[in-house]
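Reading through the structure tokens given below for one structure.
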Amino acid sequence: MNSLFHPHSATPHGNGMTSQRARDRLVATLREEGIRDPRVLDVIRTTPRHLFIDEALAPRAYENVALPIGLGQTISQPWVVARMTELLIEGTLPRRVLEIGTGSGYQAAVLAALVDTVYTVERIEELLRLARRRFRSLKIENIRSRHDDGNVGWQAEAPFDAIMLTAAGESVPRALHAQLAEGGVLVAPLGPAGAQRLVRMRRTGDDWQREEFEAVSFVPLLAGLR
Ligand code: SAH
């Protein structure tokens, strides 16, 4: 029998674990776990997460888990990426977004599919190099990236309509407050290791409205470059 036409043969979408079916299953899981925004679910469905991790881990790319990306860092769990994105774009879709902690580049790629321009800052040069290569090969052209300590933000491009931190600190660095536009929204994991929560802050003049959401577990926001 000609295996090319066998109904169970591999499809052009890739092998079983990186296939469209695996992505659809992930989206179904995210929906069950409370992700509601159809824009976010659509982007998760179409973003090839397996290309943001080491090939050896690709079979696990569409499981709802964080995975190691080397240098002691992780690509966030898909549910966390979806939830933070949903919190960031609820209400008004921001045009210019600053992300602190590029890591694999997956969260930046998800944001880039939704907003005009993503500015992302990473302190580990090697991770940034790999992420940039992924953006290029996926022809994502609306991500600007910078090797720097994200604690200082990206002054030359400020203000931003929205800011997302993907590494956890006890509080939001001063500089980032100052780089958020009037009416802007900031989403971050905040709190000590073992007791972090997703927090959303909205700025109205000098007034900050703060909301707390689910418990999460992120790598720490560190200082300095490497
Ligand atoms: N958004 C990433 C998640 C990466 S994990 C993704 O989608 O894969 C958090 C990242 O934050 C790590 O790569 C870590 O090196 C980076 N990081 C930690 N402290 C930082 C800082 N002060 N400035 C910039 N990046 C930082």
Side-chain angles (χ1 to χ4, degrees), residues 26 30 40 43-44 46-54 57-58 60-89 97-115 118-135 138 140 143-158 160 162-177 179 186-193 196 198 216-226:
L26 172 60
L30 297 183
V40 174
V43 177
I44 300 277
T46 53
T47 305
R49 190 171 183 256
H50 64 282
L51 300 181
F52 289 84
I53 55 182
D54 194 88
L57 289 170
R60 306 195 58 195
Y62 299 98
E63 292 177 23
N64 188 22
V65 293
L67 293 167
I69 55 171
L71 295 140
Q73 307 304 317
T74 54
I75 181 173
S76 306
Q77 182 191 1
W79 180 87
V80 169
V81 171
R83 184 66 175 136
M84 290 180 85
T85 306
E86 184 172 74
L87 290 172
L88 199 82
I89 70 172
V97 177
L98 173 67
E99 179 199 27
I100 305 300
T102 315
S104 67
Y106 177 70
Q107 173 74 73
V110 165
L111 286 169
L114 292 161
V115 309
V118 177
Y119 298 83
T120 184
V121 180
E122 170 59 53
R123 67 181 283 276
I124 302 179
E125 195 162 24
E126 175 63 8
L127 290 179
L128 189 58
R129 195 179 63 77
L130 293 170
R132 282 174 171 157
R133 191 198 279 170
R134 293 174 183 126
F135 301 150
L138 291 168
I140 303 173
I143 300 178
R144 307 276 106 82
S145 61
R146 180 177 169 83
H147 179 223
D148 204 353
D149 179 348
N151 284 293
V152 303
W154 193 332
Q155 183 57 48
E157 296 292 349
F160 301 96
I163 299 179
M164 182 187 286
L165 280 83
T166 66
E170 299 265 348
S171 61
V172 175
R174 276 276 136 248
L176 297 185
H177 279 109
Q179 290 175 21
L186 181 151
V187 173
L190 290 182
Q196 300 164 3
L198 289 182
V216 286
S217 177
F218 272 81
V219 296
L221 183 71
L222 301 174
L225 299 186
R226 61 167 282 188

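Note that ligands are numbered from 1 as they come in the structure, with each ligand's atoms numbered from 1 the same way.
- Taken to the nearest 0.5 Å, the CZ atom of Arg144 stands 13.5 Å off from the CG atom of Leu98.
- Around atom CD of Glu125, no more than 12 heavy atoms belonging to other residues, nucleotides or ligands sit under 6.0 Å away.
- Annotation for Arg132 and Ser145: closest pair NE-OG, 2.7 Å, computed over non-hydrogen atoms.
- For His147 (side chain) and Arg226 (main-chain N/O), a donor-acceptor pair under 3.5 Å exists by modelled atom type.
- For the ligand labelled ligand 1, residue Val81 lies outside the 4.0 Å heavy-atom shell.
- Per-residue contacts place Leu221 under 4.0 angstrom from the following atoms of ligand 1 (heavy atoms of the residue considered): 19 (N), 20 (C), 21 (C), 22 (N).
- Those atoms of ligand 1 that come under 4.0 Å of a heavy atom in Val219, given as number and element, are 5 (S), 9 (C).
- At least one side-chain heavy atom of Pro189 sits under 4.5 Å from a side-chain heavy atom of Met84.
- Both the backbone and the side chain of Thr166 come within contact range of ligand 1, each with a heavy atom under 4.0 Å.
- Against a heavy-atom cut-off of under 4.0 Å, Ser104 is close to the following atoms of ligand 1: 6 (C), 7 (O), 8 (O).
- Using a 4.0 angstrom heavy-atom cutoff, Asp148 counts as in contact with ligand 1.
- Here the options are Leu165, Ile163, Thr166, Leu87, the test is side chain to side chain contact (heavy atoms under 4.5 Å, CB included), and the partner is Val187; only Leu87 passes.
- Taking any N or O of Gly150, backbone or side chain, at least one lies under 3.5 Å from an N or O belonging to ligand 1.
- Taken from CG in Leu67 to CZ in Arg49, the straight-line distance is 5.0 Å, to the nearest 0.5 Å.
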Please tabulate, for side-chain N and O atoms in residues 104-115, each donor-acceptor pair with protein atoms closer than 3.5 Å (sequence neighbours left out).
residue, atom, partner, partner atom, Å
Ser104, OG, Tyr106, N, 3.1
Gln107, NE2, Thr85, OG1, 2.9

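- Residue-level proximity to ligand 1 for Glu122 is carried by backbone and side chain together, each with a heavy atom below 4.0 angstrom.
- If you check which protein heavy atom lies closest to atom 11 (O) of ligand 1, you get Gly101 CA, 3.2 Å.
- Between Gly224 and ligand 1 there is no heavy-atom distance shorter than 4.0 Å.
- Considering backbone and side-chain N/O atoms, Ala167 never comes within less than 3.5 Å of an N/O atom of ligand 1.
- Atom CZ of Arg174 is surrounded by 12 or fewer heavy atoms from other residues, nucleotides or ligands within 6.0 Å.
- Those atoms of ligand 1 with a heavy atom of Ile124 less than 4.0 angstrom away are 15 (O).
- Annotation: atom 7 (O) of ligand 1 to nearest protein heavy atom, Gln107 N, 3.0 Å.
- When heavy-atom distances to ligand 1 are checked against a 4.0 Å cut-off, Ala223 has no atom that comes that close, whether in backbone or side chain.
- The nearest non-hydrogen atom to atom 25 (N) of ligand 1, considering only Gln73, Arg123, Glu126, His147, comes from Arg123.
- Here the CZ-OG1 distance, from Arg134 to Thr102, works out to 11.0 Å after rounding to the nearest 0.5 Å.
- Rounding to the nearest 0.5 angstrom, the gap separating the CD atom in Gln155 from the CG atom in Asp148 is 11.5 Å.
- Protein heavy atom closest to atom 18 (C) of ligand 1, with residue, atom name and distance, is Pro220 O, 3.6 Å.
- Phe218 is listed as a side-chain neighbour of Val80, based on a closest heavy-atom distance under 4.5 Å.
- Counting all heavy atoms, side chain and backbone alike, Asn64 lies closest to Trp79 at OD1-N, 3.0 Å.
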- Task: Begin with the C-alpha distance, continue with both residues' side-chain angles, and end with the deciding distance and a verdict on side-chain contact (heavy atoms from CB on, under 4.5 Å) for Tyr62 and His50.
- Result: CA-CA 7 Å; Tyr62 299 98; His50 64 282; 2.7 Å; yes
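- An N or O contact shorter than 3.5 Å is missing between Ser76 and ligand 1 by distance.
- Of all the heavy atoms of Asp149, the ones lying under 4.0 Å from any atom of ligand 1 are found in both the backbone and the side chain.
- Ligand 1 has no nitrogen or oxygen under 3.5 angstrom from a nitrogen or oxygen of Leu127.
- The atoms of ligand 1 that sit less than 4.0 Å from any heavy atom of Val121 are 24 (C), 25 (N).
- Distances below 4.0 Å separate heavy atoms of Thr102 from the following atoms of ligand 1: 1 (N), 2 (C), 6 (C), 8 (O).
- Closest protein heavy atom to atom 22 (N) of ligand 1: Leu222 O, 2.5 Å.
- Protein heavy atom in closest approach to atom 4 (C) of ligand 1: Thr74 O, 3.2 Å.
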